[in-house]
Amino acid sequence: MSKTAKKSKGVFVPELMKSALTDSFKKLDPRTLWKNPVMFAVEIGSTMTTVVFMSTLITGKGEPPWFTGLVSLWLWLTVIFSNFAEALAEGRGKARAESLRKTRTEVVAKKLKKPDLQGEYELVPSDKLHKGDLILVDAHDIIGSDGEVVAGAALVNEAAITGESAPVVRESGGDRSAVTGGTEVIANSIVVRVTSDPGETFIDRMISLVEGAKRRKTPNEIALEVLLIALTTVFFFVVINLKPLSLYSIQAMGRGTPVTLTALVALFVCLIPTTIAALLPAIGIAGMDRLFQKNVIALSGRAIEAAGDVNVLLLDKTGTITLGNREAVAFIPVSGRSDKELAEAALMASLADETPEGRSITVLAKQKYGLRVMELPHSAVTIPFSAVTRMSGVDIDGKAYRKGAADSIVAYIRESKGVVPDDLDRHVTDIAQSGGTPLVVSKGLDVLGVIHLKDILKGGIQERFQQLRSIGIRTVMITGDNQLTAAAIAAEARVDDFLAQARPEDKLRLIRENQEQGYMVAMTGDGTNDAPALAQADVAVAMNTGTQPAREAANIIDLDSNPTKLLDIVEIGKQILMTRGTLTTFSISNDVAKYFAIIPAAFAPIYPQLQVLNIMHLASPYSAILSAVIFNALIIPFLIPLALKGTRYRPLPAERLLLYNLFVYGLGGLITPFIGIKLIDMLIHLIM
C-alpha cells in the first residue's frame with residue numbers, strides 16, 4: 001500500500017462514479033433503504049406519485065400527466081442522488097480495501113515447537129496459523145501473521161502496511177516487538193508468537209474498517225438521525241392533515257379545489273430534512289477515509305467522533321513535543337578551566353558513545369573548536385553507560401575520562417579522593433532550571449565542567465498548542481524528567497500543564513481524574529506499560545511499532561508511529577463534527593424558501609390571500625411545486641464534494657464557530673433556495 005495509492009485522487013473519479021451509479025439503483029431496494037428512514041419515506045412518496053402518474057395516463061383525469069410525471073421523476077432522483085452520495089463514499093473505501101487485499105499474501109510459515117532460533121520447524125500455510133503459535137522468520141521471509149517477537153532482532157520492511165520503504169528494527173523484550181503479517185524481514189532472524197487467528201489479522205481488520213458499508217454508526221450520528229426521524233414524523237402528520245383541512249375550507253369558502261396527493265407528497269418531501277439525511281452516511285464514511293489518508297486506522301467510528309469532542313490531550317514530551325534526541329548546545333567550564341579543555345575531555349569521553357546525545361557532543365566539539373579524533377587508541381578501555389553507574393567514558397594511558405549525571409560524577413570523584421569545585425552545583429541547577437540536561441565531565445580526579453544537553457522543540461509545536469487552546473482543548477505534557485526540567489520545557493512549549501516523573505499509574509490516575517470532571521481525554525502510547533492508560537482514555541492512539549498489549553488497548557493505530565499524529569486525529573474528528581453541523585444547518589434553513597413556493601401554489605385557489613407569500617413571483621402553481629422539488633433534488637449532488645472533503649477546519653471557540661455556521665451556512669441555506677427555485681421556475685416557464 002503505497003503513499004500514492006492512499007492519496008485522494010479527487011471526489012469524482014470516473015471508475016468510482018460508474019460503480020457508485022450502479023450501486024445507487026441497487027440501494028433502491030426497500031430492504032436496504034429502510035436503514036435511512038428519511039430517504040425511505042421519500043421512496044414511498046415517489047411510489048405514490050408514480051401510481052398517480054400512471055392513473056392520469058390511463059384515465060385522463062386529474063392533474064396534467066407532464067406535471068405528475070416530472071414530480072415523480074425528480075422525487076426518484078432525490079433518492080438516487082442520496083444513494084449515489086453514500087455509494088461514492090463507500091466506493092472510495094472499497095477501492096482502498098481492494099488495494100489492501102492485494103498486499104495480503106498467503107505464505108508458507110516455519111512453525112516451531114519452542115522459541116528457539118535454531119529449533120526444528122514444520123512448514124504450514126499462513127492461513128493455518130492460530131493465536132499462540134511460534135514461527136521462525138528468516139531474512140527475506142514474509143511474516144505469516146500478526147505477532148510479537150519473542151526471540152532475536154531483525155530489520156523489517158513494512159512498506160506493505162505503512163507505505164514507507166525504510167526498514168525498521170523489531171526486537172524482543174522492548175517496546176518495538178510487534179510485527180504485522182505481510183511485512184518482510186530483510187536481515188537477521190526472529191521468532192514470532194502469533195497473536196491473531198485466521199481472518200482477524202491487522203490487514204483483515206483494516207479491510208473491514210475502510211469498507212464503509214460495514215461501519216457502525218457513531219452515537220452523535222445516531223442522535224442526529226433520531227432528530228431527523230422526529231422532524232419527518234412531525235411533518236408527516238402536518239401534511240396528512242392538510243387534505244381534510246382543504247376539503248373543509250372549500251366547503252366553508254365555497255371555492256377552490258382540494259389539495260392533490262402529488263402536491264402533498266411534494267410538500268412533504270421538500271419540508272423534511274432530505275439534504276442532511278442524504279449526506280449523513282457519506283460524511284461518516286468519508287471521515288474514516290480522510291483519516292486513512294493520514295496513515296491512521298480507526299478501530300471504530302466512535303473513536304473518531306470522540307476525537308472531535310476531546311477536551312484534554314496527554315502528550316509525551318519525547319518524540320511529540322521535542323524531537324526525541326537531546327543535543328549538546330554548550331560546554332560550561334567550572335572555575336579555573338577553559339572551554340577547550342572541557343571540550344577535549346568531553347570529546348574523548350564520547351568517542352565510544354553511539355547514542356544521539358554522544359554523537360552531538362562530538363559534533364559540537366568539532367564545530368566550536370575544530371576538535372576531531374577519528375578512532376580510539378588501541379590501549380583505550382571503554383566504560384559503557386549503565387543504569388547503576390549513570391556514567392560512561394574511556395580510560396586512556398592511565399587517564400580516566402568520564403561524563404554522566406551530576407550526582408554520579410560527584411560521588412565518583414569524592415570516592416577517588418578528588419575535589420568537587422564549588423561552582424559546579426550552580427551550573428548544574430541553572431541548566432536544569434532552563435529545561436536542559438546537565439552532564440558533568442571529569443578527567444582523572446578533576447571536574448572540568450558541564451555539558452548542556454537540550455531537548456529541541458519540534459517546529460511549529462507552540463502554534464499548534466495555541467490553536468488547540470483556542471478551541472478549548474487543554475494540553476498536558478507527560479515526561480519522566482524531574483520537576484525543574486519538566487517545568488522549563490512546558491513553559492517553552494507553552495503547554496497548559498505537565499506531569500513530571502510520570503509512572504504508568506500516574507498516567508492512569510491523571511486520565512481518571514480528568515474524566516471524573518467530565519472531560520474527554522486523548523493520549524498516545526507504544527509500550528506495555530502504556531496499555532492501562534490507553535484502555536482508560538477516550539481516544540487512545542497506539543504506535544504501529546509498539547507492543548501488542550498497547551495496540552490491543554488502543555482504538556486508533558498510527559501506521560507511521562508518529563506521536564504528533566494525535567493532533568491531526570483531533571483536527572479530523574473536529575472536522576467531521578463541523579461538516580455534520582454545517583450541512584445540518586444548511587439543510588434545515590433551506591426549507592424556508594419551499595414554504596413560499598409550495599404553500600401558495602397548493603392553497604391559493606382556496607385562500608387567494610396566500611398569494612402574497614409568492615414573493616418569488618413563480619409562474620404557476622405547477623411550476624412552483626415542480627421547481628421546489630427539482631431544487632430539493634439537485635442540492636444533494638451539489639453538496640456531495642463538501643460532504644466527502646469536509647468543511648475547512650477552523651480553530652475557533654464553540655460560540656464563534658456557531659455564529660460562523662449560522663452566518664455562512666444558515667444564511668446561505670436561507671438565500672440559495674430562493675435564487676435556485678426562481679431560476680428553475682424561469683427555465684420551466686421558458687420550456688413549457
Side-chain angles (χ1 to χ4, degrees), residues 318 322-416 418-456 481-482 484-485 488:
T318 304
T322 65
L323 292 174
N325 297 324
R326 293 171 297 182
E327 295 182 4
V329 294
F331 296 116
I332 305 172
V334 292
S335 56
R337 302 296 180 177
S338 69
D339 293 2
K340 189 172 183 179
E341 184 183 10
L342 169 60
E344 288 175 344
L347 174 63
M348 298 304 294
S350 304
L351 284 177
D353 188 349
E354 293 299 325
T355 65
E357 291 87 351
R359 289 195 294 270
S360 74
I361 293 171
T362 61
V363 169
L364 182 64
K366 178 183 176 182
Q367 290 176 342
K368 291 195 71 172
Y369 303 104
L371 301 175
R372 187 171 185 177
V373 178
M374 298 301 296
E375 59 182 21
L376 287 170
H378 294 295
S379 60
V381 178
T382 59
I383 310 298
F385 177 86
S386 76
V388 177
T389 62
R390 297 170 63 216
M391 69 174 74
S392 63
V394 62
D395 292 340
I396 302 176
D397 298 331
K399 286 290 184 182
Y401 297 90
R402 298 287 185 273
K403 73 174 192 303
D407 54 348
S408 298
I409 295 293
V410 167
Y412 166 75
I413 292 297
R414 285 176 176 165
E415 286 175 4
S416 303
V419 178
V420 178
D422 295 335
D423 58 345
L424 177 65
D425 185 62
R426 175 172 57 83
H427 291 306
V428 168
T429 303
D430 288 345
I431 293 172
Q433 288 179 339
S434 70
T437 301
L439 285 184
V440 177
V441 178
S442 67
K443 178 181 178 182
L445 298 180
D446 298 323
V447 175
L448 304 182
V450 187
I451 305 170
H452 183 176
L453 294 180
K454 182 176 174 58
D455 281 301
I456 307 300
D481 291 333
N482 59 54
L484 285 176
T485 302

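Rounding to the nearest 0.5 Å places CD1 of I396 at 7.0 Å from CG of L351. Interatomic distance, I451 CD1 to I361 CD1, rounded to the nearest 0.5 Å: 3.5 Å. Here the straight-line distance linking atom CD of E357 with atom CD of E327 works out to 9.5 Å at 0.5 Å rounding. In this structure, the separation between CD on E344 and CG on D339 is 11.5 Å, given to the nearest 0.5 Å. Taking CG of L424 as the reference point, atom CD1 of I332 lies at 10.5 Å (rounded to 0.5 Å). Atom-to-atom distance recorded for S408:OG and K403:NZ is 12.5 Å, nearest 0.5 angstrom.
What you find for T382 and A352 is that their closest heavy atoms are CG2-CB, 3.5 Å. Between S350 and A346, the shortest heavy-atom contact is OG-O, 2.8 Å. Across all non-hydrogen atoms, the minimal contact from Y412 to A400 is OH-CB, 3.6 Å. Across all non-hydrogen atoms, the minimal contact from A343 to A365 is O-CB, 4.2 Å. For V394 against A380, the heavy-atom pair with the smallest separation is CG2-CB, 3.8 Å. Here the closest heavy-atom approach between residue A405 and residue L439 is recorded as N-CD2, 4.3 Å.
Remark: the backbone N or O of S335 is paired with a side-chain donor or acceptor of D423 at under 3.5 angstrom. Here the side chain of S338 pairs a donor or acceptor atom with the backbone of E341 at under 3.5 angstrom.
Partners of V329 under the side-chain contact (heavy atoms from CB on, under 4.5 Å) rule, at least two apart in sequence or in another chain, are H452, K454. Every residue meeting the salt bridge (Lys or Arg N to Asp or Glu O under 4.0 Å) condition with D407, not counting sequence neighbours, appears here in chain and number order: R390.
Looking at V440 and H427, their side chains never come closer than 4.5 Å, going by heavy atoms from C-beta outward. Between D353 and F385, the closest side-chain pair of non-hydrogen atoms is not below 4.5 Å.
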Derivation of the side chain to side chain contact (heavy atoms under 4.5 Å, CB included) call for R337 and L342: CA-CA 7 Å; R337 302 296 180 177; L342 169 60; 5.9 Å; no
Trace of the side chain to side chain contact (heavy atoms under 4.5 Å, CB included) decision for R402 with D395: CA-CA 9 Å; R402 298 287 185 273; D395 292 340; 2.8 Å; yes
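More than 12 heavy atoms of other residues, nucleotides or ligands lie within 6.0 Å of NZ in K368, so this atom counts as buried by the packing criterion.
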